[in-house]
2 protein chains.
Amino acid sequence: MRRMTARPANAHQARLLQLLRDGGPNSRAQLGDQVDLSRSKLAVEVDRLLETGLVVADGLAASRGGRRSHNVRLNPELRFLGVDIGATSVDVAVTNAELEILGHINQPMDVREGPVAVFEQVLSMTAKLRASGLAEGFDGAGIGVPGPVRFPEGVPVAPPIMPGWDGFPVREALSQELGCPVMVDNDVNLMALGEQHAGVARTVHDFLVVKIGTGIGCGIVVGGDVYRGTTGSAGDIGHIQAVPEGRQCACGNRGCLEAHFSGAALARDAAEAAEDGRSAELANRLEANGGLSAADVAAAAAAGDATALDLIREGGRSTGQVIAGLVSFFNPGLVVIGGGVTGLGHNLLAAIRTQVYRQSLPLATGNLPIVLGELGPTAGVIGAARLISDHLFSPA
Amino acid sequence: MRRMTARPANAHQARLLQLLRDGGPNSRAQLGDQVDLSRSKLAVEVDRLLETGLVVADGLAASRGGRRSHNVRLNPELRFLGVDIGATSVDVAVTNAELEILGHINQPMDVREGPVAVFEQVLSMTAKLRASGLAEGFDGAGIGVPGPVRFPEGVPVAPPIMPGWDGFPVREALSQELGCPVMVDNDVNLMALGEQHAGVARTVHDFLVVKIGTGIGCGIVVGGDVYRGTTGSAGDIGHIQAVPEGRQCACGNRGCLEAHFSGAALARDAAEAAEDGRSAELANRLEANGGLSAADVAAAAAAGDATALDLIREGGRSTGQVIAGLVSFFNPGLVVIGGGVTGLGHNLLAAIRTQVYRQSLPLATGNLPIVLGELGPTAGVIGAARLISDHLFSPA
DNA sequence: CCAACTTTCTCCACTCAGTGGACAAAGAGG
DNA sequence: CCTCTTTGTCCACTGAGTGGAGAAAGTTGG
């Protein structure tokens with residue numbers, strides 16, 4: 001249960017830790033190729049990292065035509081905790097220092113029950129992972145919440161869908177409980193970090209991640225770093241107007257994107273279509289399950305239901321309308337679509353693409369991939385682990 | 001005519017040059033307070049800068065209760081050229097190394113005449129400034145063009161309103177003519193740099209500058225640096241849809257912001273109002289001047305013409321609609337409105353503010369100033385000088 | 001006008017990061 | 001067994017940067 005507390009002593013060590021994290025076990029020689037240091041200096045820094053215990057020897061590599069090199073790797077006993085609090089469920093995962101998921105639990109939950117209840121659940125899920133022998137303690141934890149965060153303090157600020165959390169010291173509280181450093185961020189930003197680390201955005205520097213779940217939000221990455229805005233609310237695109245004089249939104253305005261397309265809106269529209277007789281397929285499912293979700297709409301569409309398909313297309317159109325504006329403005333190198341509704345798959349993607357390619361400037365869309373996220377439900381927890389790892393693997 | 005070619009040899013020297021540029025003449029002691037170096041090291045670097053000629057001694061400062069300090073300042077003979085090519089006019093200015101404007105000329109012009117003709121005009125304007133004794137030669141030049149630029153190469157790329165310029169090697173050509181380093185950027189980005197250096201955005205790190213001139217564009221500053229996007233077209237908001245099923249735009253879509261509000265659109269709408277009898281005031285001005293511009297609409301509104309006021313309000317509403325979306329997405333710390341139509345003044349500003357404060361999230365607008373630019377027509381040339389100065393005053 | 005105190009600037013010995021070359025160790029291939 | 005290649009270690013040297021001592025040039029008050 002004694003955990004590493006060492007931190008890299010300088011920028012070189014930080015860089016080496018990041019290389020070992022992202023590239024796995026490696027020899028001094030190959031590290032030297034990536035790090036612009038003399039062999040002597042490199043050896044000194046690696047030796048110091050070995051002394052701290054952050055890095056351990058890992059046997060001999062195969063020969064490349066000469067003396068075999070001594071591999072080093074991040075200490076395999078290091079453990080990070082990744083927590084992704086959504087609107088209606090929690091994900092908790094344990095990773096090693098290379099951010100590989102060793103164990104992962106998902107449970108339904110309602111954020112509106114407030115921080116105390118949710119924290120209790122997170123801790124019990126963590127205990128379960130611990131009990132299965134994956135970790136004795138944690139060297140760091142990252143946690144995502146579905147709303148804006150004052151990032152330096154790790155405190156949610158004025159979150160619309162989780163009012164009870166306003167000002168709750170998430171970072172402080174979790175750090176107390178776990179006895180390790182904690183970083184807090186918006187769930188969408190974590191998803192962006194996840195896709196950047198292990199997903200579709202590995203090679204891009206400027207990109208957007210649009211997460212369509214219960215709500216809708218956007219992660220912004222500029223020059224490889226997450227951009228959070230002046231008050232931490234950057235990317236909050238759910239209340240951009242998508243349909244003038246459209247549906248009444250909970251925020252008080254009309255026609256917000258979130259009022260027209262999101263997990264919640266889609267479920268509502270599907271139920272309406274089922275009840276007023278437009279779709280027998282959806283009506284059947286409503287009766288069978290006692291409720292409808294985005295997954296039902298996806299299934300109905302796959303079964304050939306025209307109304308379900310229309311709902312998806314119409315939603316994609318609204319979303320594409322907003323994304324088109326963002327693309328003109330931000331000129332990203334990639335747009336990733338993720339979140340719960342990715343189950344709607346290529347029907348949704350096609351509708352979004354059509355709209356964006358039609359409305360944005362040719363120069364901005366000329367070579368712009370719009371793709372689905374690769375990591376699915378693990379994007380958030382991987383991003384959370386990445387967040388704390390970036391923090392710990394930076395000069396103290 | 002022999003010019004300085006020295007560049008700072010390291011990051012410390014670069015920092016010192018920037019401090020002297022932004023803060024004016026200063027003593028070693030006061031520089032030391034801002035630069036986190038020991039006095040000894042600081043003295044060494046300042047001496048080296050004196051040797052290069054970039055910096056010169058500037059007499060003794062007043063005593064602050066002890067020995068008087070020896071001031072240093074940027075060499076007052078350094079000269080930068082700032083060029084701002086708009087759609088319908090060119091600005092050329094000469095500055096010293098502290099980016100103070102020593103001379104400034106503005107002339108009407110039409111970019112569509114192509115790069116060769118425009119270059120000729122720029123060079124003759126430059127010659128005129130030179131002839132007046134302001135400069136013998138230039139140590140660097142910055143130039144802005146009204147369209148996207150591939151920044152590293154300094155070449156316009158697929159510019160909609162200046163088709164003849166596509167691929168024209170602006171940087172190379174101007175550098176040849178002037179015999180000094182040149183940097184090229186989008187005119188709106190330069191305006192942002194100008195307002196950041198000497199205008200309303202001096203203390204903000206993340207902000208937007210919306211320039212409403214013949215066209216409409218947006219400069220994006222992230223963490224103090226201009227963000228240009230993946231292909232250099234970031235901030236191109238003129239073709240974001242502001243009015244669904246609205247006016248036909250030259251780009252092929254309907255309802256683009258630029259089709260509804262910009263210098264050109266406003267002139268068009270004013271002429272319509274004058275011709276179909278809605279506004280006697282505008283009709284008088286049309287007859288008197290043989291044409292209408294944004295300035296006429298401003299004057300008519302000031303004279304109490306309700307139709308002119310309506311045009312401004314309606315334009316502000318469309319613009320505010322788009323800006324509201326950008327504010328939700330980007331969460332800036334400041335929005336600056338600039339460009340030719342700033343003559344419309346507070347009527348325009350009020351309309352934009354109303355729309356943004358109503359539509360964007362409270363967290364994003366809570367403490368968001370929306371203001372007019374401070375520098376007017378000099379923002380571009382100051383930004384241009386700043387651009388090349390940032391380049392030259394950075395480690396070689 | 002002098003004594004005491006402040007501020008600025010210079011000088012110098014010292015520390016420490018980083019380099020690059022010499023050389024040893026370990027393997028591949030003939 | 002010899003040569004060539006790759007890897008790792010050792011060490012003298014360079015050069016950036018520090019911090020303290022002390023000189024230079026002021027101010028203020030008696």
Side-chain angles (χ1 to χ4, degrees), chain A residues 6-20 23-52 54-74 393-396, chain B residues 6-20 23-52 54-74 393-396:
Chain A
R7 290 280 293 276
N10 58 42
H12 297 313
Q13 293 185 13
R15 183 90 217 295
L16 290 170
L17 291 173
Q18 288 172 20
L19 285 173
L20 290 172
N26 222 327
S27 67
R28 286 174 178 72
Q30 293 203 334
L31 287 172
D33 294 342
Q34 305 172 66
V35 90
D36 199 37
L37 277 179
S38 65
R39 274 199 311 235
S40 351
K41 180 60 178 165
L42 179 74
V44 169
E45 297 299 350
V46 170
D47 287 345
R48 286 183 190 162
L49 285 174
L50 286 166
E51 277 174 33
T52 66
L54 286 170
V55 162
V56 298
D58 190 41
L60 291 169
S63 166
R64 295 196 305 172
R67 175 174 173 176
R68 296 168 64 191
S69 54
H70 296 257
N71 272 354
V72 292
R73 59 176 300 186
L74 290 174
F393 292 176
S394 67
Chain B
R7 288 279 293 276
N10 58 41
H12 297 312
Q13 292 185 15
R15 182 89 217 293
L16 290 170
L17 291 173
Q18 287 171 20
L19 285 173
L20 289 171
N26 222 328
S27 67
R28 286 172 177 74
Q30 293 203 333
L31 287 173
D33 294 342
Q34 305 172 65
V35 91
D36 198 37
L37 276 179
S38 64
R39 275 202 307 252
S40 347
K41 180 60 178 167
L42 178 74
V44 170
E45 296 300 349
V46 171
D47 287 345
R48 286 183 190 163
L49 284 174
L50 286 166
E51 277 173 33
T52 66
L54 285 170
V55 161
V56 299
D58 190 42
L60 291 170
S63 167
R64 296 195 303 171
R67 176 175 172 176
R68 295 168 65 190
S69 54
H70 294 257
N71 272 355
V72 292
R73 61 176 299 184
L74 290 173
F393 290 176
S394 67

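Every value quoted in this text rests on a predicted model; they were computed, and no experiment measured them.
- The CZ atom of A/Arg48 sits 10 Å away from the P atom of C/dC16 (whole-angstrom rounding).
- Within the 4.0 angstrom heavy-atom criterion, base atoms lie near A/Ser38.
- Residues passing the side chain to side chain donor-acceptor pair (under 3.5 Å) test with B/Arg67: none are found, sequence neighbours excluded.
- Applying the 3.5 Å distance criterion, the base of D/dG19 shares a donor-acceptor pair with the side chain of B/Ser40.
- Put simply, CG on A/Asn10 is 10 Å from C1' on C/dA17, counting in whole angstrom units.
- Counting all heavy atoms, side chain and backbone alike, B/Leu19 lies closest to B/Gln34 at CD2-OE1, 3.3 Å.
- Using a 4.0 Å heavy-atom cutoff across all strands shown, A/Ser63 reaches sugar-phosphate atoms only and no base atom.
- Between the CZ atom of B/Arg39 and the P atom of D/dA23 there is a distance of 15 Å, rounded to whole Å.
- A heavy-atom distance below 4.5 Å is found between the side chains of B/Leu31 and B/Val72.
- Rounded to whole angstrom, the span from the CD atom of B/Gln30 across to the P atom of C/dT8 amounts to 8 Å.
- Here A/Arg64 reaches the OP1 or OP2 of D/dT7: one of its side-chain N or O atoms lies under 4.0 Å away.
- With salt bridges taken as basic N to acidic carboxylate O contacts below 4.0 Å, one links A/Arg48 and A/Glu45.
- Taking every side-chain heavy atom of A/His70 into account, D/dG8 is the closest of D/dG8, C/dT8, C/dA17.
- Of the candidate nucleotides C/dA17, D/dT7, D/dA16, D/dA16 has the atom lying nearest to any side-chain atom of B/Lys41.
- For A/Gly65 and A/Asp47, each mapped to the nucleotide of DNA chain D holding its nearest heavy atom, the one lying further toward the 5' end belongs to A/Gly65.
- If you check every strand for non-hydrogen atoms under 4.0 Å, B/Arg28 touches sugar and phosphate atoms only.
- In this model, the phosphate group of D/dG17 is approached by a side-chain N or O of B/His12 to a distance below 4.0 Å at OP1 or OP2.
- Heavy-atom distances to DNA chain C give each of A/Glu45 and A/Arg67 a nearest nucleotide, and the one nearer the 5′ end belongs to A/Glu45.
- Rounded to a whole Å, the CG atom of B/Leu37 is 19 Å from the P atom of D/dG15.
- Nearer to the 5' terminus of DNA chain D, by closest-nucleotide assignment, is the contact made by B/Asp36 (compared with the other of B/Arg68 and B/Asp36).
- Remark: B/Arg28 engages B/Asp47 in a salt bridge, criterion side-chain N to carboxylate O under 4.0 Å.
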